[in-house]
Number of protein chains: 2
Amino acid sequence: MENIFTDEYFMKKALQEAEMAFEKGEIPVGAVIVVADKVIARTHNLTELLNDVTAHAEMQAITAAANFLGGKYLKDCTLYVTLEPCQMCAGALYWSQITKIVFGASDTHRGYEKMGTQLHPKTTVVRGVLAEEAADLMKRFFVEKRK
Amino acid sequence: MENIFTDEYFMKKALQEAEMAFEKGEIPVGAVIVVADKVIARTHNLTELLNDVTAHAEMQAITAAANFLGGKYLKDCTLYVTLEPCQMCAGALYWSQITKIVFGASDTHRGYEKMGTQLHPKTTVVRGVLAEEAADLMKRFFVEKRK
């Protein structure tokens, strides 16, 4: 039997979270953290609503997942996030020693790869999963905002 | 009359916070955020107690200051922190557009300067204020821990 728990499967859940951010007028970024094919954290960007630059989807997901696991290291966890993490989020992921990061659209302006932020040596990265869907949502957001 | 509100004055308050972290068994880093010579946030590292890698002193201070100000940008604010910020905290400070950062001891291993993390172009940095006091507290912590 085919395994339904693909990277696309979980990225779709992250995209649902991004859509929830969109509906709240937040830059539409969503994230989920998965361990053993189980979602243990699902979050979306809340920087405007909380008036807090640290309230990126990934930061909340790291806190929620650690809370669920009862430990601060995200061993055997995968983060799915619709947009490439920024310096702050990549720096937090470094500390978390997360096993795997899967992101959708690249952020060529403020993404951690361009910025040169270092991840933990234990962490592997998969890029571009449902990237078009994530990028489309971002574009739609900024078009709406300019209206 | 001499202005008592020097960088040393506020760094002493950050050191008091670092001592509170020390007493809780946390890596002793403390921070305060100041606007117009008034402390609007005082925090210390709580990563162990909260089981959360994102609970660095600076991250909490950014959230608390934004909450106090009712806006997410830390305009005209100065952060005093006993240890050079890491990638995550420098990344958060980038988003906050904070006016000034004053740090004590350098972190030659995981500090943002070695890591190449970018701050906001509006931000100025002062290094080495009461650095010895901050470094001594860190050394004392790791000696205790090894016992």
Side-chain angles (χ1 to χ4, degrees), chain A residues 26-27 29 31 33 41 43 45-75 77 79 84-98 107 109-121 123, chain B residues 26-27 29 31 33 41 43 45-75 77 79 84-98 107 109-121 123:
Chain A
E26 298 279 354
I27 294 179
V29 181
I33 291 181
T43 54
N45 179 36
L46 285 174
T47 48
E48 295 302 321
L49 215 72
L50 298 181
N51 253 332
D52 185 351
V53 297
T54 75
H56 283 192
E58 302 95 309
M59 301 301 284
Q60 297 174 67
I62 292 166
T63 299
N67 195 38
F68 177 88
L69 295 170
K72 64 192 170 124
Y73 298 116
L74 303 184
K75 201 176 158 310
C77 290
L79 168 76
E84 180 187 342
C86 72
Q87 298 186 115
M88 169 180 71
C89 294
L93 290 162
Y94 170 95
W95 290 120
S96 79
Q97 302 187 15
I98 196 162
D107 182 352
H109 190 43
R110 282 162 166 174
Y112 81 95
E113 298 203 323
K114 193 207 157 186
M115 294 297 225
T117 314
Q118 210 172 299
L119 294 177
H120 196 275
T123 306
Chain B
E26 298 279 353
I27 294 179
V29 181
I33 292 181
T43 54
N45 179 36
L46 285 174
T47 48
E48 295 302 321
L49 214 72
L50 298 181
N51 253 333
D52 186 349
V53 297
T54 76
H56 283 193
E58 301 95 310
M59 300 301 284
Q60 297 176 67
I62 292 166
T63 298
N67 196 36
F68 178 87
L69 295 169
K72 64 191 171 127
Y73 298 117
L74 304 184
K75 203 178 160 305
C77 289
L79 168 76
E84 180 186 343
C86 72
Q87 298 186 115
M88 169 180 71
C89 294
L93 291 162
Y94 170 93
W95 290 119
S96 79
Q97 304 188 15
I98 197 162
D107 182 351
H109 190 42
R110 282 162 166 174
Y112 80 96
E113 298 204 322
K114 192 207 160 190
M115 294 295 225
T117 314
Q118 210 171 299
L119 295 177
H120 197 275
T123 306

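Chain letters run A, B, ... following the sequence lines, proteins first and then strands; every chain starts at 1.
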Check your understanding: With a 4.5 Å limit on heavy-atom distance, are the side chains of Tyr112(A) and Gln87(B) in contact?
Key -> no
Review point. Measuring heavy-atom distances to chain B, does Tyr94(A) have an atom under 4.5 Å in its side chain, in its backbone, in both, or in neither?
Key: side chain
Study note, to complete from the structure: Heavy atoms of Ala92(B) and Met88(A) approach each other most closely as CB-SD, 3.5 Å
**Study point:** Name of the residue among Arg110(B), Lys114(B), Met115(B) meeting side chain to side chain contact (heavy atoms under 4.5 Å, CB included) with Gln118(A)
**Key:** Met115(B)
Review point. So which of Asn51(A), Leu74(A), Thr47(A), Leu50(A) has the largest heavy-atom pair count under 4.5 angstrom toward chain B?
Key: Asn51(A)
Check your understanding: Between Leu69(A), Ile62(A), Thr54(A), which shows the greatest number of heavy-atom pairs under 4.5 Å with chain B?
Key -> Thr54(A)
Check your understanding: Can you tell which of Gly116(B), Cys89(B), Cys86(B), Ala66(B) has the highest number of heavy-atom pairs within less than 4.5 Å of chain A?
Key -> Cys86(B)
